[in-house]
There are 2 protein chains.
Amino acid sequence: MKIATFNVNSVRKRLPTVTRWLKTHAPDVLCLQETKVQDSEFPVAALESSGYVATFRGMKGYNGVAVLTKSAPDFVSEGLDKGPNGDGPRLLHVVVQGVVIVNTYIPQGFKIDHPKYQYKLQWFSRLRRYFSRHFDPHQPIIWCGDMNVAPLPMDVHHPEKHLTHVCYHQEARDAYHKTLNWGFEDVFRRLYPDTPQYTFWDYRQPDALKANRGWRIDHILATTPLAQKCTAVEVDVQPRKGKMPSDHTVLWAKFAI
Amino acid sequence: MKIATFNVNSVRKRLPTVTRWLKTHAPDVLCLQETKVQDSEFPVAALESSGYVATFRGMKGYNGVAVLTKSAPDFVSEGLDKGPNGDGPRLLHVVVQGVVIVNTYIPQGFKIDHPKYQYKLQWFSRLRRYFSRHFDPHQPIIWCGDMNVAPLPMDVHHPEKHLTHVCYHQEARDAYHKTLNWGFEDVFRRLYPDTPQYTFWDYRQPDALKANRGWRIDHILATTPLAQKCTAVEVDVQPRKGKMPSDHTVLWAKFAI
DNA sequence: GTTCTGGGGG
DNA sequence: CCCCCAGAAC
């Protein structure tokens, strides 16, 4: 089973990138974040003709998540909680081929002294509760998406310069790790303990890609029974290098199931 | 000498269309209207590498005219008058290969009961004065551009439905013809007195192009000595049919000089 | 429909 | 830098 995650920064703007990637890589599952589109405008048809079923939950202008699968999921749920405060456009939980997949777009947090940052930190604890409430770490579960956290110094260029950045600040890393420690493993780091490899390069940073000034903030995490079956993980930089790129690129992992 | 006119509706958005057209048709002169770009942002380099010198006068967001020539013009002037009321971004007057070329983007006029319509009508009389002040009808002069006037019933689909439209209203046609009668001939009508042929199809009209519901409002006019040497005129519908089209298309004419 | 503007967001 | 939105223009 091949599963991928990609913060598209508008699924409508990135439709050619997405369909080409699906064609080339034929993943079983592609999780998207920042689709930035209302459900009524989600490009279902284009993805259908690429051979994928789209499960999506979006809103006007911001956020939005989607899961593309080769066949319809056996189960679908959205948001951390029921109701309007559940942040539907940030979490999709599906079951495909017996595997639970939780696709999240974690709040970025703006600045460490802003209420949005507290919201981000709380999001991780709410998510940990979500996992506890619904699953057991012995189940095969994948948690993936844009976590807006670079877990280790090697996961950001010039870490010492970013100590107060919402994606590297100690509290954010702690909150992320606490949720991860519910029962997940970072499959990229499992296979490549020492390889610096980014998944995001800021549009605003000039020559960010050329100079490789990026961040590893997109992750695929798996519970131990699944992580043990992970045979390959790769960051595909191609989409970021191509034309009309998202600021993120695709991360994928293969599992022997 | 081959000269063309094209309302691009943003020269930046239409750069691929323009460069492809230059490559395919190799005109001596291409006049552009609605470039919608400040002079500091005009895409000089891209047009230079197509082998053309760009003379341009634009503003932020609206209007803007340009003349592309194979070599630098011998003379350049902008606007109907000196100063801020001269409407520089609506008129460029250049001299190339001994031929005067006046490229205009005539005000559209909004609605016939609006002050903008009076401004449009006045524009034609100011332009006639411009011709009188600067030229003689015996000189070889070309006046071309987006005139925002369909001169004859055959120049608009359903003329009877557009009697109060600012581009077909009698006063607008009269104003246009009065300026034309200073000493110009419509070279398209000279060669094709009875052929309905549009140059503009409204984006908003569904299937406008397919159903050919358009307007002939872009024109190439020449003083008699030059008009007599006109050997070919054509509306090239290709750019309007292609992807990312302007709402106008290219009109070109060839002169045996 | 398509492109601008300006403002918000990352 | 690139995306969204709403509003204006044609």
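Predicted model, so just to flag it, every value in this text is computed and none were measured. Lettering follows sequence order; numbering is per chain, from 1.
For the pair Y119(A) (side chain) and H114(A) (backbone), a donor-acceptor distance under 3.5 Å is absent. For the pair R240(B) (side chain) and V250(B) (backbone), a donor-acceptor distance under 3.5 Å is absent. Using a distance-only test at 3.5 Å, with no hydrogens or angles considered, no donor-acceptor pair links the side chain of N103(B) to the main chain of Q33(B). Listed for the D39(A) side chain is a donor-acceptor partner under 3.5 Å among the backbone atoms of G58(A). Judged by distance alone, with hydrogens and angles left aside, the side-chain atoms of N63(A) form no donor-acceptor pair with the main-chain N or O of V65(A) at under 3.5 Å.
Across the protein-nucleic acid pair, E41(B) atom CD and dT3(C) atom P stand 17 Å apart, rounded to whole Å. Summarising the geometry, the separation between NE2 on H162(A) and P on dG10(C) is reported as 18 Å, rounded to the nearest angstrom. Between the NZ atom of K243(A) and the C1' atom of dC1(D) there is a distance of 18 Å, rounded to whole Å. Put simply, OH on Y119(A) is 16 Å from C1' on dG9(C), counting in whole angstrom units. Rounded to an integer number of Å, the gap from CZ of R213(B) to C1' of dG1(C) is 15 Å. A straight line from NE2 of H248(A) to P of dC3(D) spans 13 Å, rounded to a whole angstrom. We find that CG of N9(A) is positioned 9 Å from C1' of dC4(D), with the value rounded to whole Å. What separates CG of L209(A) from P of dC1(D) is a distance of 15 Å, to the nearest Å.
Contacts of Y130(B) classified as ring-ring contact (aromatic ring centres under 6.0 Å, His included), with partners at least two apart in sequence or in another chain: H93(B), H134(B).
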- [ ] Mind running salt bridge (Lys or Arg N to Asp or Glu O under 4.0 Å) on R204(A) and D202(A) for me, showing each step along the way?
- [x] CA-CA 5 Å; R204(A) 289 165 291 183; D202(A) 199 317; 3.1 Å; yes

Task: Base versus backbone protein contacts along nucleotides 5-10 of chain D [heavy-atom cut-off under 4.0 Å; B, S, -] - done: SS--SB

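For R12(B), the CZ atom sits in a packed shell: over 12 heavy atoms of surrounding residues, nucleotides or ligands are nearer than 6.0 Å.
Within residues 14-22 of chain B, the residues approached by DNA chain C to less than 4.0 Å at the level of any non-hydrogen atom are R14(B), in residue-number order.
Look at R173(A) and D155(A) and you find no salt bridge, because none of the NZ, NE, NH1 or NH2 atoms lies under 4.0 Å from a carboxylate O.
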